[in-house]
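Counting convention: from 1, in listed order, for ligands and their atoms alike. FYI, side chains are in, hydrogens and waters are out, and symmetry mates aren't considered; it's all heavy atoms of this structure. Residue numbers start at 1 and run along the sequence shown.
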Amino acid sequence: MSASEKLPVRITPMVESRFGLDGGAMFGIIPRPLWSRTNPPDEQNRIDMTSRCLLIEYADGTSVLVDVGMGDRWTDKERGIYNVHAQDIGLKHALSTHALDPDSIDHVVLTHLHFDHAGGLRSKGAAPSEFVPTFKNAKHWVQRRNWSWAHAPSARDGGSYRRDDFAWLGESASAPELELVDGVAEILPGIEVLPQHGHTYGMQIIKIRTASCTVAFLADLIPTSSHMRDPYVMGYDLQPTVTVEEKRALLYEATRHDWILCFEHDPITDFARVELDKRGQPRAVALASGEVPEELKAPNAE
Ligand SMILES: [Zn+2]
């Protein structure tokens, strides 16, 4: 068997939920007249967002999920604030269209533990206040630095970490296996994790190599296709100038090696390539149907 035969054979984006966040917070210092052209806000100034997860499959049936979205543990009040609609979407439904269910997921890789990435780790159980592991047979991967930070975040980003989402993984003897990763690592064949610290400490973006392409799943480093240029950094970021440097480094590599980008929060675009405009500024160009690699095509697509 050659090395390439062990690489992932299919990468499928799955929209777990749609929600809304304040457009001003999402674009930091960028004035509203600029960002509202590409991301029109609603009457409460919220822009459309997705929680887009990634299903990665190997030829031997091993399946990997990157991030798990918002989940179903939300009160009506919270659903109102974040305009969450997960009811008719959800990962269970998305997985069922691939003849999979949460029990058949072998690995869950978390980019970081913010609620819109890790909220789906547990689901509502039979009793009203009972929560059960959603992916009970999966090994769960997190950067050790993010795991530590999430347990004692700063007052500034404490609202983005809900302890109930993740702490049980390290506390309950019956919890699925937890693997804490230190720095850059190839955690599974063709799947590398690359830590970034501008958004929050120990976030990791995920680089996936297949026989014909390389995909970078960008988490909150570049949350949507409207966040490609240097100053387009979220107001949520702990170290915005670090984010700018990390974005530049990522986009340099992506341009040089023709990586395909995948946006976790873009309401429309999932996969894109980088193009440089006349002034050398990067922009995202959605993949045309003719240039989608075999591994990124939906199984039943033409
Ligand atoms: Zn985040």
A.B. asks: How many angstroms lie between NZ in Lys247 and CE in Met228, if you round to the nearest 0.5 Å?
C.D. replies: 8.5 Å
A.B. asks: Measuring from the Zn ion (ligand 1), name the closest N, O or S atom belonging to Asp220.
C.D. replies: OD2
A.B. asks: Is Gln281 atom CD crowded by more than 12 heavy atoms from other residues, nucleotides or ligands, each under 6.0 Å away?
C.D. replies: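 Yes - once you tally the heavy atoms of other residues, nucleotides and ligands closer than 6.0 Å, there are more than 12.
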A.B. asks: If I take every N, O or S atom of His114, is at least one of them less than 2.8 Å from the Zn ion (ligand 1)?
C.D. replies: yes
A.B. asks: Before we go on, tell me: are the rings of His114 and Tyr236 under 6.0 Å apart, centre to centre?
C.D. replies: no
A.B. asks: Give, rounded to 10 degrees, the angle between NE2 (His112) and NE2 (His199) as seen from the Zn ion (ligand 1).
C.D. replies: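 Centred on the Zn ion (ligand 1), the NE2/NE2 angle is 110° (to 10°).
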A.B. asks: With respect to His265, which candidate in Asp116, Thr224, Thr50, Asp48 satisfies the side chain to side chain donor-acceptor pair (under 3.5 Å) definition?
C.D. replies: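 Option passing the side chain to side chain donor-acceptor pair (under 3.5 Å) with His265: Asp116.
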A.B. asks: Answer yes or no as to whether an N/O/S atom of Asp116 is found below 2.8 Å from the Zn ion (ligand 1).
C.D. replies: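 Looking at Asp116, which is the residue asked about, there is no N, O or S atom under 2.8 Å from the Zn ion (ligand 1).
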